[in-house]
Amino acid sequence: MSSEALLEDDPTPLIACTISRDVQNFDLLIEDMETELGEAWGDLSFEDARQFFRQPESGALKFVAIALDHEDESHLALIADLVKSAKAQDVKVILIADEVSPMALHQLLQLGAEDFIPYPLPEDALHDAIERLDAPQKVAAVDFVEATAAPQAQLQSGANGIILPVQSMAGGAGATTIAVNLAWELATIEKKGPQPRVLLIDFNLQFGSVSTYLDLPRREAVYELLSPSDEIDDDLFKGALLNFNDKMSVLTSPAEILPLDFIEAQDVERLLEKARSHFDYVIVDMPATLVSWTETVLNASEFYFAPITLDLRSAQNILRLRNTLKAEELPFEKLRFLLNFAPKGIDMSAKARIKRMAENLEIAIDVQFPDGGRPVREACDQGVPLGIEATKNPLRKEIHKLAASIHARQTEQLEAAQ
């Protein structure tokens with residue numbers, strides 16, 4: 001579809017269009033647009049788009065996909081105007097970004113762009129983004145509101161906490177469910193006396209769901225805390241945290257979808273040090289992919305929990321991760337493998353498979369979590385930990401045992417050091 005056709009009457013109703021300096025630089029976007037929309041889309045240059053949005057018929061579009069790369073950052077003001085013009089016509093905006101700086105992306109997202117997809121486009125990413133456009137208001141009302149009424153966390157100094165990251169070895173292994181419930185169990189582990197100070201951090205900057213699992217809003221202050229800086233003061237740190245049930249503190253993922261390289265290793269290191277100075281336990285829900293600062297979190301951690309499932313995907317990913325860490329001389333021995341959805345004890349063939357998996361990969365499977373079933377999904381949807389919603393659930397009981405063993409070990413070490 002040519003630019004001229006968009007600016008003139010066209011017999012084919014247009015649902016969307018791409019806007020770019022040269023759409024031929026984004027051939028994968030062309031393929032995906034054709035797959036999703038057939039002939040019902042067009043293409044505009046930046047200058048043509050400015051003229052197009054002056055026409056009332058531009059409001060008939062469902063969305064525009066603005067594609068830009070690092071060369072387009074010199075024209076960021078023009079692109080920002082296009083985002084604002086689209087929003088004025090009630091047209092949704094998806095950003096397609098190829099090596100664009102995090103600050104430029106943030107500026108465009110702040111102006112109202114609904115979604116961001118990195119280029120080259122991941123498989124089905126455009127399809128999923130278009131589907132998300134159908135109910136943006138529902139998402140905004142639940143997750144992306146400013147936390148003006150949410151209780152702030154209270155900070156106490158003098159801690160020397162430990163870092164406990166959780167990162168799935170395969171999709172669907174349940175890292176966020178484990179991280180949320182482990183944090184809650186640690187925060188409520190003591191039957192008498194003061195409870196440990198616990199912070200749960202959601203480092204999945206794009207699609208983190210800790211806020212959903214705890215029914216907490218996302219705050220603009222999170223972006224400010226994660227933005228590059230030379231230091232993190234207590235007021236900035238405290239302003240980004242939320243209090244959950246007066247038991248633990250939570251740092252949610254940002255309101256906007258940010259690239260994973262928005263934060264750098266030194267920023268993560270400063271944040272973790274600040275967290276350790278105020279909390280006894282810092283649970284970190286990691287993104288599913290390795291990033292430039294994964295090494296920083298791994299080196300800072302006491303243990304690095306790796307939920308897995310009993311399948312070939314997990315086995316292959318463990319092997320690849322082990323080879324990568326050993327090649328970089330990083331501490332693979334810090335990983336603690338947690339088998340989620342473990343078969344029931346009477347399944348003898350499954351026990352043999354678990355044993356063979358551990359032996360072939362030369363790892364120890366430290367904990368086996370049973371399938372908690374529907375109560376787990378319901379607790380996540382309702383935004384409460386299993387320790388509140390389903391105390392007798394078998395998954396909750398095993399996570400509680402893990403938390404108790406961690407706390408007992410830490411208590412022994414602190415007493416030995418005194």
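Computed from a predicted structure; not experimentally measured.
D115 has no carboxylate O lying under 4.0 Å from a charged side-chain N of K92, or vice versa, which leaves the two without a salt bridge. Taking 4.0 Å as the cut-off between side-chain N and carboxylate O, D235 and K238 do not count as a salt-bridged pair. Here E302 pairs with R409 in a salt bridge; the nearest charged N to carboxylate O distance falls below 4.0 Å. Using a 4.0 Å cut-off between charged side-chain N and carboxylate O, D234 and K274 make a salt bridge. Between E273 and R276 there is a salt bridge, since a side-chain N of the basic residue sits under 4.0 Å from a carboxylate O of the acidic one. Under the 4.0 Å criterion applied to side-chain N and carboxylate O atoms, R322 and E362 are assigned as salt-bridge partners. With respect to the salt-bridge test (charged N to carboxylate O, under 4.0 angstrom), the residues E71 and R21 qualify. A salt bridge between K401 and E185 is absent, with no side-chain N of the basic residue lying under 4.0 Å from a carboxylate O of the acidic one.
Contact of the V250 side chain with the V210 side chain is registered, since non-hydrogen atoms from C-beta on lie closer than 4.5 Å. The side-chain heavy atoms of F237 and L251, taken from C-beta on, include no pair separated by under 4.5 Å. Considering only heavy atoms from C-beta on, H407 comes within 4.5 Å of Y281 through its side chain. Taking 4.5 Å as the limit, some side-chain heavy atom of I189 sits within range of a side-chain heavy atom of H400. At least one side-chain heavy atom of L186 sits under 4.5 Å from a side-chain heavy atom of L164. Considering only heavy atoms from C-beta on, V367 stays 4.5 Å or farther from I365 through its side chain. Contact annotation: the side chain of T212 never approaches that of D381 to less than 4.5 Å [non-hydrogen atoms, C-beta and beyond]. Using a 4.5 Å heavy-atom threshold, the side chains of F203 and V268 count as touching.
The minimum heavy-atom distance linking A49 with L44 is given by the pair CA-CD1, 3.8 Å. Across every non-hydrogen atom of N243 and K247, the tightest pair is OD1-N, 4.3 Å. Shortest non-hydrogen contact noted between N160 and Q410 is O-NE2, 4.5 Å. Of all the heavy atoms in S253 and V222, the pair that sits closest is C-CG1, 4.1 Å. Between L14 and L61, the shortest heavy-atom contact is O-CD2, 3.7 Å. Taking all atoms of both residues into account, the shortest heavy-atom contact from A221 to G239 is CB-O, 3.5 Å.
With values rounded to the nearest 0.5 angstrom, T309 atom OG1 is found 12.0 Å from L338 atom CG. The CG atom of D72 lies 12.0 Å from the CD atom of E99; values are rounded to the nearest 0.5 Å. Note that CG of D98 and CG of N25 are 9.0 Å apart. Values are rounded to the nearest 0.5 Å. Summarising the geometry, atom CG belonging to L325 is positioned 9.5 Å from atom CD belonging to E333; distances are rounded to the nearest 0.5 Å. Expressed to the nearest 0.5 Å, how far CD of Q368 lies from CD1 of I308 amounts to 9.0 Å. Considering OG1 of T18 and CG of D32, their distance stands at 12.0 Å, rounded to 0.5 Å.
A distance-only check finds a donor-acceptor pair linking the side chain of S101 to the backbone of A104 [under 3.5 Å]. For D267 (side chain) and E264 (main-chain N/O), a donor-acceptor pair under 3.5 Å exists by modelled atom type. Using a distance-only test at 3.5 Å, with no hydrogens or angles considered, no donor-acceptor pair links the side chain of Q167 to the main chain of F305. A donor-acceptor contact shorter than 3.5 Å is absent between the side chain of N340 and the backbone of P307.
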Exercise for the section: Evaluate the criterion side chain to side chain contact (heavy atoms under 4.5 Å, CB included) for residue pair I178 and N181; output intermediate values, then yes/no. Expected result: CA-CA 5 Å; I178 293 171; N181 286 281; over 6 Å; no
Exercise for the section: List the steps, then state whether side-chain hydrogen bond (donor to acceptor under 3.5 Å, both in side chains) holds for S211 with R218. Expected result: CA-CA 7 Å; S211 62; R218 308 185 195 212; 3.1 Å; yes
Handout entry: Full working for side chain to side chain contact (heavy atoms under 4.5 Å, CB included) between S249 and F279
Key = CA-CA 9 Å; S249 298; F279 294 91; 3.5 Å; yes
Problem - side chain to side chain contact (heavy atoms under 4.5 Å, CB included) between F63 and V93, worked out - result: CA-CA 6 Å; F63 73 92; V93 177; over 6 Å; no
Practice task
List the steps, then state whether side chain to side chain contact (heavy atoms under 4.5 Å, CB included) holds for I283 with L199.
Solution key: CA-CA 6 Å; I283 313 299; L199 171 63; over 6 Å; no
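Heavy atoms of other residues, nucleotides or ligands lying less than 6.0 angstrom from CD of E269 number 12 at most. A 6.0 Å sphere centred on CZ of R313 holds more than 12 heavy atoms belonging to other residues, nucleotides or ligands.
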Output side-chain donor-acceptor pairs under 3.5 Å for residues 116-129, partner residues at least two apart or in another chain, one line each.
residue: Y119; atom: OH; partner: D27; partner atom: N; Å: 3.2
residue: Y119; atom: OH; partner: D27; partner atom: OD1; Å: 2.8
residue: Y119; atom: OH; partner: L28; partner atom: N; Å: 3.1
residue: H127; atom: ND1; partner: E36; partner atom: OE1; Å: 3.1
residue: H127; atom: ND1; partner: E36; partner atom: OE2; Å: 3.4
residue: H127; atom: NE2; partner: E131; partner atom: OE2; Å: 3.2

Would you be so kind as to tabulate the donor-acceptor pairs closer than 3.5 Å made by side chains of residues 285-298, with sequence neighbours excluded?
residue: D285; atom: OD2; partner: T176; partner atom: OG1; Å: 2.7
residue: W293; atom: NE1; partner: L260; partner atom: O; Å: 3.0
residue: W293; atom: NE1; partner: I263; partner atom: O; Å: 3.4
residue: T294; atom: OG1; partner: V291; partner atom: N; Å: 2.9
residue: T294; atom: OG1; partner: V291; partner atom: O; Å: 3.2

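Counted by atom type alone, S314 and D311 present one or more donor-acceptor pairs between their side chains at under 3.5 Å.
Checked against L386 for a side-chain contact (heavy atoms from CB on, under 4.5 Å), the options L395, V180, T391 give a single hit: L395.
Aromatic ring centres of F262 and Y223: separated by under 6.0 Å.
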